[in-house]
Amino acid sequence: MRDLFTLPKVHLHVHLESTVRWDTLRDIGAANGVRVPDDIGTFGDFAAFFAQNDLVRACLRRPDDFRRVAYEFCQDEARQGTRYAEASFTAAAHGERLGDLDMPLTAVREGLAAGREAFGTEVRLLLDHSRRRSLDRAWRTLDLAKRHDDVVAVGLAGDESFPAGPFAAVFAAAREAGLHIVHHAGEGEGAVSIRQALDDRTERLGHGIRVLDDPDLVAEVRDRKIPLEVCPSSNVALGFAPSLAEHPLPRLRDAGLLVTVNTDIPALIGTPLAIEYTRVRDTFGYDDTVLAGLARNAVDASFAPASTKARLHEEINTWLTP
Ligand SMILES: [Zn+2]
């Protein structure tokens with residue numbers, strides 16, 4: 001069994017706001033007059049997750065806060081063997097809240113550039129928009145995505161019981177602008193949310209685990225080779241899977257779907273990417289070839305330049321070579 005920290009990995013589903021180290025949050029909170037508990041505590045459902053998100057949002061205020069979080073993300077991912085990541089960031093929500101639409105995104109990009117320089121982690125951004133929020137904010141999200149170089153995609157996140165339909169024109173305009181589309185779907189809701197995401201021509205499914213509810217949809221997602229960003233520990237922590245052992249990941253693979261392994265909210269659940277791979281190995285008994293295959297799926301599913309993808313495949317080959 002090879003070391004999964006050294007397996008070259010691509011991380012496709014991770015929310016920057018949910019990667020903040022607790023010590024950093026305490027520092028930033030103290031500087032901004034926000035009380036942060038001594039430790040993260042425990043949480044077991046979506047409501048508690050939203051409360052944690054609110055706390056992070058309340059803390060992040062100054063450009064330095066965003067720069068630090070982005071820089072430390074690069075460092076933490078490098079320690080996990082992540083070579084390339086596409087991180088989600090709710091840029092417009094922070095910008096509106098702080099009265100400066102561009103500041104949070106600009107500062108994050110500066111932090112990522114410094115982090116890449118220091119740690120070699122290549123990170124691009126996906127700007128997400130909560131389905132619960134306004135159409136105006138969705139348009140502002142698109143505007144930001146078009147004006148900032150390191151943004152490769154936009155997509156919907158948040159409570160999937162809210163429909164995607166009202167935002168269809170935003171994503172049509174995003175496609176026209178050359179941006180990729182990645183929606184959260186099939187996490188809390190079933191086939192309907194995945195169907196809506198496909199209507200918007202999502203290029204991956206954020207989660208997508210409930211595709212298994214509908215055999216016809218499984219066939220379509222498989223035939224169209226739409227990758228799934230599967231986040232097993234997050235699904236268990238948020239109550240979307242009863243346990244890791246009962247997680248549908250093996251059934252998704254057996255159905256011929258393109259499965260990738262991700263963390264979603266690593267700091268909140270204490271499961272960074274190499275640990276997530278380790279938990280998948282321990283739970284499902286996969287050998288190194290299967291685990292390398294999961295890493296390869298993420299390379300192929302990414303929006304990385306062809307040269308980066310070729311280099312990552314080479315590095316994975318080297319990892320597998322005895
Ligand atoms: Zn997510």
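Numbering of ligands and ligand atoms starts at 1, following listing order. Starting from 1, each residue takes its place in the sequence as its number.
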Among N, O or S atoms, D264 approaches the Zn ion (ligand 1) most closely through OD1

Minimum-distance N/O/S atom that H13 presents toward the Zn ion (ligand 1): NE2

Side chain to side chain donor-acceptor pair (under 3.5 Å) with H11: which of T82, T263, T121, T19? T263

Is the Y277-F5 ring centre distance short of 6.0 angstrom? no

Ring pair (Phe, Tyr, Trp, His ring centres under 6.0 Å) partners of residues 204-238, not counting sequence neighbours, each pair once: H13-H207, H184-H207

Within 45° cone of F284 ring axis and under 6.0 Å: R279 NZ or CZ: no

Between the Zn ion (ligand 1) and C231, is there an N, O or S atom separated by less than 2.8 Å? no

